[in-house]
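In what follows, a structure is listed as structure tokens, so that the remarks can point back to it.
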Amino acid sequence: MILHELISYETLRLIWWLLIGVLLVGFAITDGFDLGTGMLLPFAGKTDLERRVIINSIGPVWEGNQVWLILGGGAIFAAWPQLYAVSFSGFYLAMFVILVALIMRPVAFKFRSKREDPRWRARWDAALFIGGFVPALIFGVAMGNVLQGVPFRFTDDMHILYEGSFFGLLNPFALLCGLVSLAMLVMHGASWLQVKADGPVAERARRYGSVAAVLTVLLYGAAGVALWLTVDGYRLTSVVPVDGPSNPMFKTAAVASGAWFANFAAHPWTWAAPVLGLLSPLLALAFLRARRAVPALLASALSIAAIILSVGAAMFPFILPSSLDPRASLTVWDSSSSHMTLFIMLVVTTVFLPIIVAYTSWVYKVLWGKVDSQAIADDSGHAY
């Protein structure tokens, strides 16, 4: 027996669908508090020293957190090439805006404290705010558009055509999803500042985080209602061979009202994700109000994971539905790489993912503890 046949094609496809979810959740949780902290910078920090405390809370870890974004992009490229082709070409301008915003962060980290001019530092503080706000908003908007279907189709020779526009992405439901993303990441950033800061910074972050937690529940609930009432889902109308060729055009699919809730009806255990998406922010709120920093951060992380996983549970087996031609929609069963490719990637991931997790955990252990404002004030050469 050939080695890669030890695991069936169906199982490998399902494993890689789950792994993409893990990478997306890992990025949202780790880099999420970076983005949330950046958005809180102008509000939680009133003096230059307080803002430096906030910046130094994420300065040593933000770069490592973005490893999850790189891993996610690389995994999509190798495991789901058609998904990569549609999303990274169709959403090209949106991706470009995100990258520009993310690039602004390291530049701001390095240059902000090079001069003591308040106007100079204020401009870089604005860059850090934009570097948190823009990606958080657009990631949520992208998720909202995926739920509605993306305007792409295949030609007769399987060439992918995307017929949407950047401003077409900014529709009401997608913007609502963007607000959900903003609220939950501000809550997460505030929880992080509870862990890393003290004094006025932590107190202001606690107040803003409490408001963000309430908004997360309200906005996520509103998005769920809007999804049920105003957004049509997608369903398969033919049998798709789970171990068949990666050609989306071998199936048929249709738009159907309420289709995104079919999995929850068929598998009641999947309701755990949206329920936790509603309850976890309330738990984070309770811990924030009680000034219990670490439990608040864990509850915030759980809410992010639950909200993202609820989307995956609703859409399965769809990965990227097509609003132009439902038959062209990409699913878990017909848009992956080959059996051999998925197997080789799984072997490599089995080796290296635990190493990445272990190293990241060690870094956080070494850097654990409050940011010392006096040490920052005394150390102008090394602190951000």
Hey, could you give me each pair passing ring-ring contact (aromatic ring centres under 6.0 Å, His included) that has a residue in residues 55-75? Not counting sequence neighbours.
Trp62-Phe109
Side chain to side chain contact (heavy atoms under 4.5 Å, CB included) filter on Pro200, not counting sequence neighbours, yields Glu50, Arg204
Any side-chain hydrogen bond (donor to acceptor under 3.5 Å, both in side chains) pairs touching residues 24-45, not counting sequence neighbours?
Asp31-Arg105, Asp34-Asn65
Exercise answer: donor-acceptor pairs, residues 252-264 side-chain atoms, under 3.5 Å, sequence neighbours excluded:
unit_1	atom_1	unit_2	atom_2	d
Thr252	OG1	Thr237	OG1	2.7
Thr252	OG1	Ser238	OG	3.3
Trp260	NE1	Leu147	O	2.8
Asn263	ND2	Ala313	O	2.9
Asn263	ND2	Ala314	O	3.4
Asn263	ND2	Phe316	O	2.7

Show every side-chain hydrogen bond (donor to acceptor under 3.5 Å, both in side chains) that has at least one partner inside residues 156-176, sequence neighbours left out.
Asn145-Asn171, Gln148-Asn171, Arg153-Glu163, Thr155-Asp157
Can you list everything that forms a side chain to side chain donor-acceptor pair (under 3.5 Å) with Asp117? Sequence neighbours excluded, please.
none
Apply side chain to side chain contact (heavy atoms under 4.5 Å, CB included) to Leu215 and list each qualifying residue two or more places apart in sequence or on a separate chain.
Ala183, Val211, Leu219
Contacts of type side chain to side chain contact (heavy atoms under 4.5 Å, CB included), residue Trp269, not counting sequence neighbours:
His267
With sequence neighbours left out, what residues match Thr350 under side chain to side chain donor-acceptor pair (under 3.5 Å)?
none
Other members of the hydrophobic cluster containing Leu276, with the 4.5 Å side-chain heavy-atom rule, please.
Leu302
Sequence neighbours excluded - side-chain hydrogen bond (donor to acceptor under 3.5 Å, both in side chains) pairs with any residue from residues 303-330:
Tyr220-Ser310
Contacts of Ala290 meeting side chain to side chain contact (heavy atoms under 4.5 Å, CB included) (sequence neighbours excluded), chain-then-number -> Arg292
